[in-house]
Student: 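Please see the structure below; I have some questions.
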Amino acid sequence: MLLGVDDTDSLEGGCTTHVAVQLALRLRQELGLVLLGPPRLVRLNPSNPWKTRGNAALALHLGMEGGEPVQVGEWNGSPIYSYPDGMDVPATEEVRQSAWKVVEDLTWMEDDRTNPGLVLVDVPGPEHLYDRALHTLMDIRLLTSKLEQQGVLHKAAGTGRGLIGAAAALAWPMERTTWELLSYRPRDRWGTSR
C-alpha cells in the first residue's frame with residue numbers, strides 16, 4: 001500500500017515531513033504496518049501560488065515486516081527501519097482513519113492556506129500525474145472527481161488542495177533521487193524565534 005500526504009504545514013510552522021514520520025510511527029504502533037522502503041519526498045511546482053513553503057509532498061510504502069531491516073531514520077534516539085523484503089498489503093478504511101487522526105493532530109488547520117490531503121492506493125499512480133503537479137497548476141475538482149470515480153481511498157480538509165500533492169507523490173517514477181536530512185525542534189519551541 002502507498003500512502004501520500006500533503007499540505008499539513010502553514011506559513012507559521014508545521015512540517016509535512018514531520019507528519020509523515022509520525023504516520024510511519026503511529027501506523028506501526030496501531031496496525032503493525034512498517035515501511036517497505038524509505039519515505040519519498042517529492043518537490044512539486046515551485047511557482048504554485050497556494051504553496052505554504054517548499055511545496056513538498058510525501059509518500060510512504062507500507063506493508064508487513066519481512067526480511068532484514070534497513071535503518072532509514074531515527075526518532076527520539078530510536079531507529080526507524082524499512083523492510084525492503086516485506087509484504088505488501090491492500091489499502092483499507094482502517095488505515096485511512098488511523099492516518100487521518102495523525103494528520104488532524106499535527107496539521108495547522110487554523111491557517112486558511114493549509115488544506116491537507118491524504119491518498120491511499122495499492123499501486124502507484126500514473127507518472128503523468130506527477131509531471132503535471134511539477135509543471136502545471138492542477139484543478140482540485142477534476143482530481144477529486146477522478147479519485148472518487150476510481151474508488152481511491154482519500155480524505156481532505158479545507159479546499160482539499162493537499163490531495164494534489166499526495167496523489168502526485170504516489171505517482172513519482174523514482175528516476176532521479178537525492179537525500180534530505182531533517183531535524184525537528186521540540187514541540188514546546190514550535191513557533192518561537194530560532
Side-chain angles (χ1 to χ4, degrees), residues 1-30 33-46 48 50-62 70-83 95-96 98-111 113-121 124-125 130 133-134 154-158 160-174 176-192 194:
M1 150 186 17
L2 293 164
L3 182 155
V5 64
D6 190 23
D7 204 8
T8 65
D9 60 350
S10 77
L11 294 175
E12 301 301 315
C15 178
T16 301
T17 305
H18 179 255
V19 171
V21 169
Q22 296 307 308
L23 281 165
L25 294 171
R26 184 121 28 117
L27 292 173
R28 177 167 188 144
Q29 178 185 18
E30 292 179 2
L33 296 172
V34 298
L35 294 171
L36 297 184
R40 304 171 189 181
L41 180 146
V42 300
R43 295 289 176 188
L44 302 172
N45 188 338
N48 186 329
W50 300 286
K51 73 179 184 179
T52 43
R53 290 194 306 264
N55 208 20
L58 280 290
L60 305 174
H61 186 186
L62 300 166
V70 175
Q71 186 172 349
V72 294
E74 183 179 297
W75 182 257
N76 285 338
S78 297
I80 297 174
Y81 295 106
S82 77
Y83 294 82
V95 174
R96 183 179 78 141
S98 292
W100 189 251
K101 286 178 194 170
V102 175
V103 171
E104 284 183 316
D105 289 348
L106 298 174
T107 296
W108 292 56
M109 297 285 198
E110 60 277 1
D111 188 326
R113 292 178 58 98
T114 300
N115 299 285
L118 178 80
V119 178
L120 288 139
V121 295
Y130 168 73
L134 179 62
H154 63 283
K155 181 100 174 156
R161 290 200 65 81
L163 290 172
I164 293 171
L170 300 174
W172 176 55
M174 299 191 321
R176 300 175 310 261
T177 62
T178 61
W179 290 91
E180 193 168 299
L181 176 64
L182 303 167
S183 63
Y184 302 106
R185 301 176 82 203
R187 189 176 197 129
D188 62 342
R189 292 179 49 207
W190 291 0
T192 64
R194 285 180 172 33

Student: What is the distance from atom CZ of Arg28 to atom CG of Leu33, rounded to the nearest 0.5 Å?
Tutor: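 Between atom CZ of Arg28 and atom CG of Leu33 there are 10.0 Å.
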Student: Is there a side-chain contact between Leu3 and Leu118 (heavy atoms, below 4.5 Å)?
Tutor: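 Counting from C-beta outward, Leu3 and Leu118 do come under 4.5 Å.
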Student: State which residues pass side chain to side chain contact (heavy atoms under 4.5 Å, CB included) with Ala57; sequence neighbours excluded, sorted by chain then number.
Tutor: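 If we apply the side chain to side chain contact (heavy atoms under 4.5 Å, CB included) test to Ala57, skipping adjacent residues, the hits are Asp6, Val42, Leu44, Ala169.
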Student: Which heavy atom of Trp75 sits nearest a heavy atom of Val21, and at what distance?
Tutor: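 The answer is CE3-CG1, 4.0 Å.
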Student: Donor-acceptor pair, Asp7 side chain versus Asn115 backbone, under 3.5 Å?
Tutor: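 Yes, because the side chain of Asp7 sits within donor-acceptor range (under 3.5 Å) of the backbone of Asn115.
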Student: Side chain to side chain contact (heavy atoms under 4.5 Å, CB included) between Leu27 and Val102: does it pass, once the steps are laid out?
Tutor: CA-CA 9 Å; Leu27 292 173; Val102 175; 6.0 Å; no
Student: Test of understanding: with side chain to side chain contact (heavy atoms under 4.5 Å, CB included), list the residues that count as partners of Ala156, not counting sequence neighbours.
Tutor: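 For Ala156, the residues satisfying side chain to side chain contact (heavy atoms under 4.5 Å, CB included) (neighbours in sequence not counted) are Leu163.
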Student: First locate atom CE of Met109, then atom OG of Ser10, and finally report the distance between them rounded to the nearest 0.5 Å.
Tutor: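 So the gap between those two atoms works out to 12.0 Å.
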Student: Looking at CG of Leu134 and CZ of Arg43, how far apart are the two atoms once the value is rounded to the nearest 0.5 Å?
Tutor: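 The CZ atom of Arg43 is 12.0 Å from CG of Leu134, to the nearest 0.5 Å.
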Student: Taking only residues two or more places apart in sequence, or in another chain, which ones meet Arg96 in a salt bridge (Lys or Arg N to Asp or Glu O under 4.0 Å)?
Tutor: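 Arg96 satisfies salt bridge (Lys or Arg N to Asp or Glu O under 4.0 Å) with Glu93 once adjacent residues are dropped.
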Student: Looking at residues at least two apart in the chain, or sitting in another chain, which of them share a side chain to side chain donor-acceptor pair (under 3.5 Å) with Ser78?
Tutor: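 None.
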Student: If you define the side chain from C-beta out and look only at heavy atoms, does anything of Leu60 sit under 4.5 Å from Leu2?
Tutor: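 In short, these two side chains do not touch, never coming nearer than 4.5 Å.
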Student: Decide side chain to side chain contact (heavy atoms under 4.5 Å, CB included) for Val103 and Val19; before the verdict, give the C-alpha distance in whole Å, the side-chain angles of both, and the deciding distance to 0.1 Å.
Tutor: CA-CA 7 Å; Val103 171; Val19 171; 4.2 Å; yes
Student: With sequence neighbours left out, what residues match Arg26 under salt bridge (Lys or Arg N to Asp or Glu O under 4.0 Å)?
Tutor: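 Expected list: Asp105.
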Student: Can you name the nearest heavy-atom pair linking Thr8 to Pro116, along with the distance?
Tutor: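 In terms of heavy atoms, the two residues are closest at CG2-CB, 4.1 Å.
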Student: Does the pair Leu35 and His61 meet the rule for a side chain to side chain contact (heavy atoms under 4.5 Å, CB included), with working shown?
Tutor: CA-CA 6 Å; Leu35 294 171; His61 186 186; over 6 Å; no
Student: What's the shortest heavy-atom distance between Pro173 and Tyr130, and which atoms?
Tutor: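 So the two residues come closest at CD-CD2, 3.8 Å.
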Student: To the closest 0.5 Å, what do you measure between CG (Leu58) and CG (Leu41)?
Tutor: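 CG of Leu41 is found 5.0 Å from CG of Leu58.
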Student: Is the backbone of Ala133 close enough, under 3.5 Å, to the side chain of Asn45 for a donor and an acceptor to pair up by distance?
Tutor: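 Looks like no, no N/O pair under 3.5 Å.
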Student: Apply side chain to side chain donor-acceptor pair (under 3.5 Å) to Thr114 and list each qualifying residue two or more places apart in sequence or on a separate chain.
Tutor: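 Thr114: no side chain to side chain donor-acceptor pair (under 3.5 Å) contacts found.
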Student: Mind checking the CG-CE spacing from Leu120 to Met1? Nearest 0.5 Å is all I need.
Tutor: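 Between Leu120 CG and Met1 CE, I get 6.5 Å after rounding to 0.5 Å.
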Student: Please report the shortest heavy-atom distance between Cys15 and Asp9, naming the atom on each side.
Tutor: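 Looks like N-CB, 3.7 Å.
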Student: So Leu106 and His18, side chain to side chain contact (heavy atoms under 4.5 Å, CB included) or not? Walk me through it.
Tutor: CA-CA 9 Å; Leu106 298 174; His18 179 255; 4.1 Å; yes
Student: I'd like to check the side chain to side chain donor-acceptor pair (under 3.5 Å) partners of His154; sequence neighbours left out, ordered by chain and number.
Tutor: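 For His154 there are no side chain to side chain donor-acceptor pair (under 3.5 Å) partners, ignoring immediate neighbours.
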Student: Applying side chain to side chain donor-acceptor pair (under 3.5 Å), can you list everything that pairs with Thr107, at least two apart in sequence or on another chain?
Tutor: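 In terms of side chain to side chain donor-acceptor pair (under 3.5 Å), with neighbours along the sequence ignored, Thr107 is linked to no residue.
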Student: Report the residues that fulfil side chain to side chain contact (heavy atoms under 4.5 Å, CB included) with Gln29, sequence neighbours left out, ordered by chain and then residue number.
Tutor: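 Listed in chain order: nothing, the list is empty.
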Student: Quick check for you: to the nearest 0.5 Å, what is the distance between Leu23 atom CG and Lys101 atom NZ?
Tutor: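 One finds 13.0 Å between CG of Leu23 and NZ of Lys101.
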